[in-house]
K.L.:
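Have a look at this one.
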Amino acid sequence: QVQLVESGGGLVQAGGSLRLSCAASGRTVSSYCMGWFRQAPGKEREFVAAISWSGGSTYYADSIKGRFTISRDNAKDTVYLQMNSLKPEDTAVYYCAAKSVGYCTMYEARTGYDYWGQGTQVTVSS
């Protein structure tokens with residue numbers, strides 16, 4: 001089994017930055033595709049970003065492309081989401097997820113991920 005714990009969320013002003021972390025335990029995720037999703041109040045959970053096992057391939061939602069960067073440190077079993085130029089519409093609970101495969105096929109689909117964290121709140125004030 002894999003356990004995922006997100007951290008780094010908080011309250012930030014528009015235009016500011018935050019870095020989210022996702023730490024894995026129980027089983028290494030160094031060979032897994034990893035993703036970030038978010039869910040705002042009254043909305044469905046949506047894809048944000050994904051990264052392949054080696055970090056060589058990354059994928060981003062159009063809404064955050066150019067502002068967010070996903071990365072990973074396999075030696076630490078940790079995935080990061082660097083968020084810059086934050087906007088009020090980025091306010092949401094952010095979730096880390098893991099596929100039990102190394103390549104990010106169907107990376108936008110929630111059902112394609114086997115493990116999920118409990119989320120961390122990000123609030124961006126205007």
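Bear in mind that the values here come from a model prediction, so they are computed numbers and not experimental data.
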K.L.:
Roughly how far, to the nearest 0.5 Å, is OH of Y113 from SG of C104?
P.N.:
5.5 Å
K.L.:
If only atom types and distance count, is the side chain of S57 paired as donor or acceptor with the main-chain N or O of S52 below 3.5 Å?
P.N.:
no
K.L.:
If you count every heavy atom of other residues, nucleotides or ligands that lies below 6.0 Å from Q82 atom CD, does the total exceed 12?
P.N.:
yes
K.L.:
Check for a donor-acceptor pair, side chain of R67 on one end and backbone N or O of S85 on the other, with a separation under 3.5 Å.
P.N.:
yes
K.L.:
Could you walk me through whether F47 and Y59 pass the ring-ring contact (aromatic ring centres under 6.0 Å, His included) test, one step at a time?
P.N.:
CA-CA 10 Å; F47 168 77; Y59 310 89; 7.9 Å; no
K.L.:
Kindly determine whether R27 and S100 satisfy side chain to side chain contact (heavy atoms under 4.5 Å, CB included), including the steps that lead there.
P.N.:
CA-CA 11 Å; R27 186 187 302 170; S100 56; 5.9 Å; no
K.L.:
Whether the side chain of N74 engages the backbone of S54 through a donor-acceptor N/O pair (distance < 3.5 Å, no angle test) should be reported.
P.N.:
no
K.L.:
Please give the remaining members of the hydrophobic cluster of W36, linking ILVMFWY side chains under 4.5 Å, ordered by chain and number.
P.N.:
V2, L4, V12, L18, L20, V29, Y32, M34, V48, I51, Y60, I64, F68, I70, V79, L81, M83, L86, Y94, Y115, V122, V124
K.L.:
Would you give the length of the straight line joining atom CG of D114 to atom CD of Q1, rounded to the nearest 0.5 angstrom?
P.N.:
10.0 Å
K.L.:
Closest approach of W53 and R72, non-hydrogen atoms and distance?
P.N.:
CA-NH1, 3.4 Å
K.L.:
Do any pairs count as a salt bridge (Lys or Arg N to Asp or Glu O under 4.0 Å) and have a residue in residues 49-65, sequence neighbours left out, and if so which ones?
P.N.:
D62-K65
K.L.:
Can you check whether T28's main-chain N or O pairs, donor with acceptor, with S30's side chain at less than 3.5 Å?
P.N.:
no
K.L.:
Mind checking side chain to side chain contact (heavy atoms under 4.5 Å, CB included) for A40 and listing every partner two or more places apart, or none if nothing turns up?
P.N.:
K43, A92
K.L.:
Taking the side chain as C-beta and beyond, is there a heavy-atom pair between M106 and T111 under 4.5 Å?
P.N.:
no
K.L.:
Tell me, with the steps shown, if W116 and R110 meet side chain to side chain contact (heavy atoms under 4.5 Å, CB included).
P.N.:
CA-CA 10 Å; W116 292 84; R110 296 186 299 273; 4.1 Å; yes
K.L.:
When you measure from the side chain of Q118 to the backbone of V5, do you find a donor-acceptor pair of N or O atoms at a distance under 3.5 Å?
P.N.:
no
K.L.:
Does K99 use its side chain to pair, donor to acceptor, with the backbone of T105 at less than 3.5 Å?
P.N.:
yes
K.L.:
Is the Lys NZ or Arg CZ of R45 less than 6.0 Å from the centre of Y95's six-membered ring, within 45° of the axis?
P.N.:
yes
K.L.:
How many angstroms lie between atom OG of S126 and atom NZ of K87, to the nearest 0.5 angstrom?
P.N.:
14.0 Å
K.L.:
Look up atom CG in L11 and atom CD in Q121, then write down how far apart they are to the nearest 0.5 Å.
P.N.:
9.5 Å
